[in-house]
Amino acid sequence: MSSDFIREIVTADNASGKHGGRVATRFPPEPNGYLHIGHAKAMCLNFGVARDFSGTCNLRFDDTNPVKEDVEYVESILEDVTWLGFKWDHDAPLYASDYFEWLYERAVELIGKGLAYVDSLTADEMREYRGTLTAPGKNSPYRDRSVDENLDLFRRMRAGEFPDGAQVLRAKIDMASPNINMRDPVLYRIRHAHHHRTGDAWCIYPMYDYAHPLSDALEKITHSLCTLEYEAHRPLYDWLIAHATVPASPQQIEFARLNLTYTVMSKRKLLQLVNEKHVSGWDDPRMPTISGLRRRGFTPEAIRRFCDEIGVAKRENVIDVGLLEFCVREDLNKRAPRAMAVLRPLKIVLENYPEGQSEAMEVVNHPDDPSAGTRKVPFSREIYIERDDFLEDPPKKFFRLAPGREVRLRNAYLVTCREAVKNAAGEITELRCTYDPATRGGDAPDGRKVKATLHWVSAAHAVDAEVRLYDRLFSVENPGAGDADFLAQMNPHSLERVAGAKVEPSLAARPAGDRVQFERLGYFAVDKDSTAARPVFNRTVTLKDSYQVRG
RNA sequence: UGGGACGUCGUUCAACGGUAGGACAGCAGACUCUGACUCUGCUUAUUGGGGUUCGAAUCCCUGCGUCCCAGCCA
């Protein structure tokens, strides 16, 4: 079992009997956007801790801000959590909005205890009264309203007697606190807005700082794991747990969120990319969203493995996106069947191969997994190879095809290049080659070695396909750093559509989401835009390539 | 300049007073019908300065650096 400082705390708490040996966590997304790889880290932690300690983990939507939330997001989150392989406790997911009535009663309780009051300051005035980081705030003139008056005002807030922003409910703590979050934080605000679950039942909505600790307590969460930016909110979290009547005392523990090189992770920026159409949607394969990674061809296992590798700590971190790529490669190498596809075709004519003849080569589907079986791949007189695999005037370390040179066509024959045919513009249009009939299957009976093995597709049998090559969405390591405009730092080459790819027949009519390795090129996944007549493949990730001379 | 947190190979996680270790990346080699995979080897780190101790990444003091907080967002 992987360990980290949080699991150490849980272990210690279990040893001391702090929560009666019980472990309960929760994953609390706000349905205001799609989940991304950073959420995957949080899920692996929360569901993982629950699993490791035989505890429970709730999925709870933190749906306390109706103006930003939507059922579309709820549905996508449910799908992503499930796809990643996590199962929440309770049959149905939980919603903070289901607790609105109870939360309201807790607010009434706090008012009754003289610990909360209705403030009539405007937002601007409140900001002034709050003071600054270095100067204390001052009390609102409404701070000392009587309990009865506060109760009446709060009831009328709920009843809809005031417009948005006219009143707020505030905790009465300390306007001089060095922690700004403790300077009478807002607990409830008025929003005459339609909520995606409660409809128009409410026009006051609890703030995160109020709803979160109380919801945790209601669900008897033992360890409330959240990211570092909530550290300064913990005193308020504890204050609410201490002063409201709640059935449990959860403990908030903060860890560092995930950052990835060459990507943005903030929901605000991801939303902007989608809204302004810089990407095709939340599930654009270049997005760090779970749905984007899924469409790109990532597996849940690869993502979970990645989360294991990066660990959990309190120090701010920026993970090399190369580690994510390593994790998919490693997983896909084991499970993806192999096939041949030519992205940029260059025709070869085998002069000594009989015209009109073809044969079916028996090819293994996975070199390391015999159970994957074999398939027949058609071979004929005219075939396509990759344009990159031929050079008329090859440099020193170029092992592939060149005039007069012999290479192997994978699983087929050894062929020798006799001539490069050019058009009037001097461009190579096709290669004239000969094959050695004695090398069927790719083995030379005389034991001679060739340095290169090329992938190929029979021209007559090839299926036309579109292949989408993805690269990092941003061209700088830390987009938006400093005063930089992250949009200006987008990589103009993050998507390259290859329209004229030729793929072997077995690659036609594969279901969307199917993953395959195109030999020597990389891992690809069938896109949802794919049709039987015209398959579309997304490149998940390239194969590692130690040939560096290409430039 | 108030408060809170964090500083260990290029990146990241570990070492919990007793040999600074792993992963990724990088480099070199072996193998190979994928320049993939696999295998072998190598390079590189404790934020500075004091102190405590037989012994400090770890404890104490003091600098320095980075991040978070002044939403009726989460």
Side-chain angles (χ1 to χ4, degrees), chain A residues 2-5 8 28-30 32 62 64-65 67-69 119 121-123 126-128 130-137 164-170 176-183 185-191 204-205 207-209 211-212 226-235 254 256 261 267-268 308-320 322-327 329-330 333-334 338 340 364 367-368 397-400 407-412 414 439 441-444 449-455 517-522 542-550:
Chain A
S2 67
S3 195
D4 51 68
F5 80 100
E8 283 179 11
E30 187 195 13
N32 67 343
D62 241 329
T64 56
N65 186 1
V67 305
K68 290 191 174 178
E69 298 158 8
D119 199 349
L121 251 26
T122 66
M126 206 180 292
R127 183 158 41 245
E128 278 175 40
R130 190 155 33 227
T132 67
L133 292 178
T134 51
D164 287 3
Q167 318 279 358
V168 291
L169 182 73
R170 291 229 256 174
S177 172
N179 181 346
I180 291 189
N181 299 116
M182 297 298 271
R183 316 236 263 230
V186 173
L187 269 24
Y188 270 89
R189 76 288 214 185
I190 299 172
R191 285 279 180 281
I204 58 172
Y205 292 92
M207 297 289 289
Y208 166 88
D209 276 332
H212 202 87
C226 63
T227 45
L228 252 27
E229 63 268 29
Y230 294 105
E231 211 154 21
H233 296 242
R234 186 164 10 113
E254 310 85 12
T261 55
K267 275 202 201 170
R268 198 206 100 228
D308 274 352
E309 287 300 317
I310 61 178
V312 177
K314 293 200 71 158
R315 133 163 72 151
E316 308 267 2
N317 61 81
V318 185
I319 306 291
D320 187 340
L323 181 61
L324 220 208
E325 294 173 353
F326 165 81
C327 291
R329 281 195 192 100
E330 203 204 37
N333 177 50
K334 284 180 301 194
R338 317 279 125 128
M340 291 193 288
V364 299
D368 306 319
K397 286 284 188 74
F398 186 85
F399 304 146
R400 285 104 94 146
V407 300
R408 173 169 32 240
L409 293 180
R410 181 144 165 99
N411 293 116
L414 265 40
T439 59
D443 289 308
K449 301 280 185 202
V450 292
K451 194 73 174 143
T453 298
L454 309 186
H455 59 278
Q517 182 196 99
F518 289 175
E519 295 210 46
R520 301 212 303 136
L521 295 177
T542 61
L543 255 30
K544 264 184 73 175
D545 187 1
S546 58
Y547 175 61
Q548 295 299 341
V549 181
R550 170 163 48 203

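So that the names make sense, note that chain A is the first sequence line, chain B the second, and so on, each numbered from 1. A quick note: this is a predicted structure, and the numbers were derived from the prediction, not measured.
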Nearest to the [X] side chain among [options], which nucleotide is it?
| X | options | answer |
| --- | --- | --- |
| A:Asn65 | B:rG2, B:rA74, B:rC72 | B:rA74 |
| A:Arg410 | B:rA74, B:rG35, B:rU34 | B:rU34 |
| A:Thr134 | B:rC73, B:rG35, B:rU1 | B:rU1 |
| A:Arg338 | B:rC73, B:rA25, B:rU34 | B:rU34 |
| A:Tyr547 | B:rG35, B:rU34, B:rC37 | B:rG35 |
| A:Lys544 | B:rA36, B:rC73, B:rC69 | B:rA36 |
| A:Thr132 | B:rC37, B:rA74, B:rA70 | B:rA70 |
| A:Pro178 | B:rA5, B:rG2, B:rA74 | B:rG2 |
| A:Ala232 | B:rA70, B:rU12, B:rG3 | B:rG3 |
| A:Thr453 | B:rA70, B:rU34, B:rG3 | B:rU34 |

Quote, to the nearest angstrom, the [atom1] distance that separates [N] from [M].
| N | M | atom1 | result |
| --- | --- | --- | --- |
| B:rG3 | B:rA20 | P | 38 Å |
| B:rU40 | B:rG49 | P | 39 Å |
| B:rU62 | B:rA25 | P | 43 Å |
| B:rG26 | B:rG51 | P | 43 Å |
| B:rG18 | B:rU12 | P | 26 Å |

NA contact type, [X], heavy-atom cut-off 4.0 Å: base, sugar-phosphate, or nothing?
| X | result |
| --- | --- |
| A:Leu121 | base |
| A:Asn411 | base |
| A:Met207 | sugar-phosphate |
| A:Val312 | sugar-phosphate |
| A:Ala123 | base |
| A:Arg183 | nothing |

- prompt: What's the CG-C1' distance between A:Asp4 and B:rA23, to the nearest Å?
  reply: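 Between C1' of B:rA23 and CG of A:Asp4: 16 Å.
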Minimal non-hydrogen separation, A:Tyr188 against A:Met207, with atom names: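 Closest approach of A:Tyr188 to A:Met207, heavy atoms only: N-CG, 4.3 Å.
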- prompt: Think A:Arg130 has a side-chain N or O under 4.0 angstrom from the OP1 or OP2 of B:rG71?
  reply: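 It does, given that an N or O in the side chain of A:Arg130 lies less than 4.0 Å from OP1 or OP2 of B:rG71.
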message: Just N and O in the side chain of A:Thr261: are any of them under 4.0 Å from OP1 or OP2 of B:rU11?
response: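 The answer is no; no side-chain N or O of A:Thr261 sits under 4.0 Å from OP1 or OP2.
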- request: Could I get the full list of side chain to side chain donor-acceptor pair (under 3.5 Å) partners for A:Lys267, not counting sequence neighbours?
  value: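 Residues passing side chain to side chain donor-acceptor pair (under 3.5 Å) with A:Lys267: A:Asn32.
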- prompt: So, A:Lys314 and A:Glu231, do they make that salt bridge, N to O below 4.0 Å?
  reply: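 Salt bridge between A:Lys314 and A:Glu231, a charged N being under 4.0 Å from a carboxylate O: yes.
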field: Euclidean distance, A:Leu169 CG relative to A:Leu187 CG, rounded to 0.5 Å
entry: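 Spacing of CG (A:Leu187) from CG (A:Leu169) equals 5.0 Å.
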- request: Look at the side chain of A:Gln517 and the base of B:rU34, then say whether one donor and one acceptor between them are separated by less than 3.5 Å.
  value: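 Under the 3.5 Å cut-off, the side chain and the base do form a donor-acceptor pair.
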query: Does any N or O donor sit under 3.5 Å from an N or O acceptor when you compare the side chain of A:Arg234 with the base of B:rG4?
result: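 When only heavy-atom distances are counted, A:Arg234 does not reach the base of B:rG4 through any donor-acceptor pair under 3.5 Å.
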query: Toward the 5' end of RNA chain B, which comes first, A:Asn317 or A:Pro29, by nearest nucleotide?
result: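 Upstream on the strand: A:Asn317.
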query: Which dot-bracket notation, 5' to 3', represents the base pairing of RNA chain B when pairs are defined as Watson-Crick or G-U with both distances under 3.5 Å, crossing pairs as [ ], and inter-strand pairs as |?
result: .((((((..((((....[..)))).(((((.......)))))....(((((..]....))))))))))).....
message: Under a 3.5 Å distance rule, please check whether A:Ser177 uses its side chain to pair with a backbone N or O of A:Asn179 as donor and acceptor.
response: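 The answer is yes, because a donor-acceptor pair under 3.5 Å joins these two groups.
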